[in-house]
Colleague: 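Provided herewith is a single structure, encoded as structure tokens, for subsequent inquiry.
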Amino acid sequence: MSLVLDPAAQDLLFREARTANTFTDEPVTDEQVQAIYDLVKYGPTAFNQTPLRITLVRSPEARERLVQHMAEGNRAKTATAPLVAILSADNEFHEELPQLFPAFPQAKDAIFGERPVREASAAMNAALQAAYFIVGVRAAGLAAGPMTGLDFEGVRKEFLDDDHTPLMVVNIGRPGENAWYPRSPRLSYDEVVTTV
Ligand SMILES: Cc1cc2nc3c(=O)[nH]c(=O)nc-3n(C[C@H](O)[C@H](O)[C@H](O)COP(=O)(O)O)c2cc1C
């Protein structure tokens, strides 16, 4: 046994966790989202820059505005999920760096003074945090349905601003009827790992 994590937790987070396409009506509360965030905020990012930003789409009016920017095949689930979150990268994350990385506060200007450098770094590190967030949703006993089939520029203009780049939209809730497709295969260890 090489893994120290309880096998039930391994199942909850990975083996039995699935990408949900339908959901029950059970609400997802702000308390649940806060508990998820307060867990996954400890996931590592470069210089502790933590560029992920989360927009919870709760009101029916906002939900309708979002659905219009989703690809056709993603609209029904985005309309009916108990909670939908827009995950984005803050390209101005460096403003918080002196506080977030006190060991080297000069990083704000010395490393991240140029916007293109920040955009590349925010994209990578916010994507990492998006993955932590999905696993956190599972840790709360909920299912996530991440989606990138959407009009990114439309979502950015509708909900964000020039300093934020949308990464994905995530449906969150308890799985409903016929919630998932058959499990697709994964690449094996030998196909993925090389040792030099
Ligand atoms: C970043 C990302 C984007 C995705 N975009 C979509 C999407 O636009 N529409 C959709 O139906 N599924 C989307 N998926 C779902 C994937 O197809 C699904 O997570 C993958 O096949 C694994 O499914 P499983 O968790 O049930 O094994 C996306 C997943 C991720 C992680």
Colleague: Working note: V170 + M147, criterion side-chain contact (heavy atoms from CB on, under 4.5 Å); need CA distance, chi angles, decisive distance, verdict.
Modeller: CA-CA 6 Å; V170 185; M147 299 169 294; over 6 Å; no
Colleague: Can you name the residues that form a side-chain contact (heavy atoms from CB on, under 4.5 Å) with E16, not counting sequence neighbours?
Modeller: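 D11.
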Colleague: When you measure from the side chain of T22 to the backbone N and O of E177, does any donor-acceptor pair fall under 3.5 Å?
Modeller: yes
Colleague: With no hydrogens and no angle check, is any side-chain donor or acceptor of T80 less than 3.5 Å from a backbone partner on A76?
Modeller: yes
Colleague: Under the side chain to side chain donor-acceptor pair (under 3.5 Å) rule, collect the residues that match up with E153, sequence neighbours excluded.
Modeller: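 Applying side chain to side chain donor-acceptor pair (under 3.5 Å) to E153 gives R156.
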Colleague: For the CE atom of M124 and the CD atom of Q129, what is their distance to the nearest 0.5 Å?
Modeller: 12.5 Å
Colleague: Tell me if a side-chain donor or acceptor on Q49 pairs with a main-chain N or O of L97 at a distance below 3.5 Å.
Modeller: no
Colleague: Out of the candidates R75, K157, E158, only one should pair with H69 under the side chain to side chain donor-acceptor pair (under 3.5 Å) rule; please name it.
Modeller: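 Exactly one option meets the side chain to side chain donor-acceptor pair (under 3.5 Å) with H69, and it is E158.
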Colleague: Once rounded to the nearest 0.5 Å, what's the spacing between atom CD1 of I36 and atom CD of Q32?
Modeller: 6.5 Å
Colleague: State yes or no: do V57 and F152 share one hydrophobic cluster built from I, L, V, M, F, W and Y residues joined by side-chain heavy-atom distances below 4.5 Å, directly or via other members?
Modeller: yes
Colleague: Of the non-hydrogen atoms in T50 and T45, which two are nearest, and what is the gap between them?
Modeller: N-OG1, 3.1 Å
Colleague: Tell me whether R174 contacts the main-chain N or O of G141 through its side chain, where contact means a donor paired with an acceptor under 3.5 Å.
Modeller: yes
Colleague: For the aromatic rings, using the six-membered ring if either is Trp, is the centroid distance between F47 and F112 under 6.0 Å?
Modeller: yes
Colleague: Please step through side-chain contact (heavy atoms from CB on, under 4.5 Å) for the pair I54 and I86, ending with a clear verdict.
Modeller: CA-CA 6 Å; I54 303 170; I86 300 168; over 6 Å; no
Colleague: Hydrophobic cluster membership, with links at side-chain heavy-atom distances under 4.5 Å among I/L/V/M/F/W/Y: are L142 and L83 in one?
Modeller: yes
Colleague: Look at the side chain of R15 and the backbone N and O of L13, then say whether any donor-acceptor pair between them is shorter than 3.5 Å.
Modeller: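 Pair absent, no side-chain N/O of R15 close to backbone of L13.
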Colleague: Over all heavy atoms of both residues, which pair between A144 and I134 is shortest? Give the atoms and the distance, please.
Modeller: CB-CG2, 4.1 Å
Colleague: Can you name the nearest heavy-atom pair linking L167 to A127, along with the distance?
Modeller: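 Looking at all heavy atoms of both residues, the shortest contact is CD1-N, 3.8 Å.
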Colleague: Hey, is the main chain of R65 close enough, under 3.5 Å, to the side chain of Q68 for a donor-acceptor pair?
Modeller: no
Colleague: State which residues pass salt bridge (Lys or Arg N to Asp or Glu O under 4.0 Å) with E92; sequence neighbours excluded, sorted by chain then number.
Modeller: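 Result, salt bridge (Lys or Arg N to Asp or Glu O under 4.0 Å) vs E92: R115, R118.
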Colleague: Output all residues satisfying side chain to side chain donor-acceptor pair (under 3.5 Å) with R63, sequence neighbours left out; order by chain, then residue number.
Modeller: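 R63: no side chain to side chain donor-acceptor pair (under 3.5 Å) contacts found.
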Colleague: Just to verify, what does F159 make a ring pair (Phe, Tyr, Trp, His ring centres under 6.0 Å) with, not counting sequence neighbours?
Modeller: none
Colleague: Does V135 share a hydrophobic cluster with Y42, counting links as ILVMFWY side-chain heavy atoms below 4.5 Å and allowing steps through other members?
Modeller: no
Colleague: In terms of side-chain heavy atoms, does N21 have a donor or acceptor partner in K77 at a distance below 3.5 Å?
Modeller: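 There is such a pair between these side chains.
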Colleague: Looking at every heavy atom in both V40 and Y132, which two are closest together, and how far apart are they?
Modeller: CG1-O, 3.1 Å
Colleague: Check this for me: D25, atom CG, are more than 12 non-hydrogen atoms of other residues, nucleotides or ligands nearer than 6.0 Å?
Modeller: no
Colleague: How long is the span from the NE2 atom in H164 to the CG atom in L87, to the nearest 0.5 Å?
Modeller: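 Going from NE2 on H164 over to CG on L87, the span is 12.5 Å.
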Colleague: Side-chain contact, heavy-atom cut-off 4.5 Å: N74 with L150?
Modeller: no
Colleague: Does the side-chain contact (heavy atoms from CB on, under 4.5 Å) test come out yes or no for L160 and T55, once each step is laid out?
Modeller: CA-CA 9 Å; L160 305 170; T55 307; 3.9 Å; yes
Colleague: Do you know the tightest heavy-atom contact between A85 and L56?
Modeller: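 For A85 and L56, the tightest heavy-atom pair comes out as CB-CD2, 4.1 Å.
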Colleague: Going from CG on D163 to CZ on R53, what distance comes out if it is rounded to the nearest 0.5 angstrom?
Modeller: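 One gets 11.0 Å once the value is rounded to the nearest 0.5 Å.
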Colleague: Taking all atoms of both residues into account, what is the closest heavy-atom pair of A126 and S88, and its distance?
Modeller: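 Nearest heavy atoms, A126 then S88: CB-O, 4.3 Å.
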Colleague: Can a donor-acceptor pair be found, under 3.5 Å and without considering hydrogens, that links the side chain of E119 to the backbone of N91?
Modeller: no
Colleague: Is there side-chain contact between I172 and V84, with heavy atoms separated by less than 4.5 Å?
Modeller: no
Colleague: Only counting residues at least two apart or in another chain, list the ones meeting salt bridge (Lys or Arg N to Asp or Glu O under 4.0 Å) with K108.
Modeller: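 In terms of salt bridge (Lys or Arg N to Asp or Glu O under 4.0 Å), with neighbours along the sequence ignored, K108 is linked to E95.
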Colleague: Donor-acceptor pair, N125 side chain versus P51 backbone, under 3.5 Å?
Modeller: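 Absent.
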Colleague: Cluster question for you: counting only ILVMFWY and a side-chain heavy-atom cut-off of under 4.5 Å, with indirect links fine, are L52 and M168 together?
Modeller: yes
Colleague: Are V28 and V67 connected, step by step, through hydrophobic side chains (Ile, Leu, Val, Met, Phe, Trp, Tyr) whose heavy atoms are closer than 4.5 Å?
Modeller: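 In one cluster: no.
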Colleague: May I ask you to check whether over 12 heavy atoms, not counting those of D6, lie within 6.0 Å of atom CG?
Modeller: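 Yes, enclosed.
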